[in-house]
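Worksheet: one structure, shown below.
Labels below follow one simple rule: chain letters A, B, ... track the order of the sequence lines, proteins then strands, and each chain is numbered from 1.
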Protein chains: 2
Amino acid sequence: MDTNTAIAALAALAQSTRLDTFRLLVKNEPEGVPAGDLARALSVPHNTMSSHLATLSRAGLIRSERQSRSIIYRADVDVLRNLTLFLVKDCCGGSPELCGPLIAELTPCCAPEPLRS
Amino acid sequence: MDTNTAIAALAALAQSTRLDTFRLLVKNEPEGVPAGDLARALSVPHNTMSSHLATLSRAGLIRSERQSRSIIYRADVDVLRNLTLFLVKDCCGGSPELCGPLIAELTPCCAPEPLRS
DNA sequence: CTGCTTTTTCGATAATCATGGAAATAAGCT
DNA sequence: AGCTTATTTCCATGATTATCGAAAAAGCAG
């Protein structure tokens, strides 16, 4: 992920309505949520929500797909993952020991391979 | 980390000079860098750099300490770590399998316990 | 105290952003 | 075609942000 992409993603998430929207979409993966439902769920006018969705889209954090009259939005978790890597690599590149605790905290919550076999 | 803190940190990093500054400070942990050197390194006027440093400080991402005439700035990696956890927990909370790949990519770069014994 | 260095604060300007009313577009239904 | 629903675009407003010149503050040395 290049710097400009990262900045766009950071800026997109640095606004409460957009952050709430993105988190709501992540929770509703992979079905997605229509634009109108998002506006209603967050008590935001349709046009305001629409412009926030456009910002998140431009940042690549969400994708949309028309489904008859509704437009379904979905979170693109890959971009979130890349953004996280982008941020973490700065601190790991310089001093790996600083980020050990991060892995330690992250692993119990979402280890790549569950312990149950 | 609460939402407002996260938004402040995201907004602070969503600007190229500030992002560059923060990355430079992370690279220079734990010695830190004086404000003037930061301005010079990034070719930014002193007062402009000063206001960016104030923004990063308010977001908790950096700390400052006077050392005779200079003011030394240091990155606070804890806040970066908490911000990362904040972002990742959204996707892990909803669907842990989405974030397995993140751990997988992160571990080789900065595993909590080095393989060499 | 005067002069020098380093950094911040003040203040102004231009640019970008958030918000939402009103109109436009798109899709389906009768 | 006309009518309803869902969403976006257009446009104007007020608010916030980025930038930087000029002046102020904080510290050190003579």
- Query: When we call it a touch if two heavy atoms are under 4.0 Å apart, what does A:S70 touch: a base, just sugar-phosphate, or nothing?
  - Reply: sugar-phosphate
- Query: Expressed in angstrom and rounded to an integer, what is the separation of A:M49 atom CE from C:dG20 atom C1'?
  - Reply: 13 Å
- On DNA chain C, nearest-nucleotide positions of A:V44 versus A:R66: which is more 5'? A:V44
- For B:L53 and C:dT6, what is the distance between atoms CG and C1' respectively, to the nearest whole Å? 13 Å
- Query: Nearest-Å distance, CG (B:L42) to C1' (D:dT19)?
  - Reply: 15 Å
- Message: What's the separation between atom CG in A:L80 and atom CG in B:L87, rounded to the nearest 0.5 Å?
- Response: 5.5 Å
- Query: Can you check whether B:Q15 has a side-chain N or O nearer than 4.0 Å to OP1 or OP2 of D:dT19?
  - Reply: yes
- Per the side chain to side chain donor-acceptor pair (under 3.5 Å) rule, which among B:E29, B:E31, B:E65 passes with B:R74? B:E65
- Message: Can you see whether A:R58 engages A:T55 through a side-chain donor-acceptor pair at a distance of less than 3.5 angstrom?
- Response: yes
- Task: Please tell me which of the listed nucleotides, C:dT19, D:dG21, D:dT7, lies nearest to the side chain of B:N47?
- Result: D:dG21
- Message: So B:T48, base contact, sugar-phosphate only, or nothing? Heavy-atom distance under 4.0 Å.
- Response: base
- Message: Within the 4.0 Å heavy-atom criterion, would you say A:R18 contacts the bases, only the backbone, or no part of the nucleic acid?
- Response: sugar-phosphate
- Can you tell me the distance, in whole Å, between the CD1 atom of A:I72 and the P atom of D:dT5? 18 Å
- Message: If you define the side chain from C-beta out and look only at heavy atoms, does anything of B:L85 sit under 4.5 Å from B:M1?
- Response: no
- From CZ of A:R58 across to C1' of D:dT9 the rounded distance in Å is 12 Å
- Minimum-distance nucleotide to A:H52 side chain [options: D:dA6, C:dT8, C:dA18]: C:dA18
- Query: Nearest-Å distance, NE2 (A:H46) to P (C:dT19)?
  - Reply: 15 Å
- Message: If I take atom CG in residue B:D37 and atom P in nucleotide C:dT7, what distance separates them, rounded to the nearest angstrom?
- Response: 7 Å
- Message: Quick check on C:dT8: is either OP1 or OP2 less than 4.0 Å from any side-chain nitrogen or oxygen of B:S50?
- Response: yes
- Note on the structure: Interatomic distance, CG@B:L10 vs CZ@B:F86, rounded to 0.5 Å, equals 7.5 Å
- Query: Phosphate oxygens OP1/OP2 of D:dA6: is one of them under 4.0 Å from a side-chain N or O of A:Y73?
  - Reply: no
- Message: What contact category does A:T55 fall into here, base, sugar-phosphate, or nothing, at under 4.0 angstrom with non-hydrogen atoms?
- Response: nothing
- Task: In whole angstrom, give the distance that lies between atom CG of B:L13 and atom P of D:dA18.
- Result: 12 Å
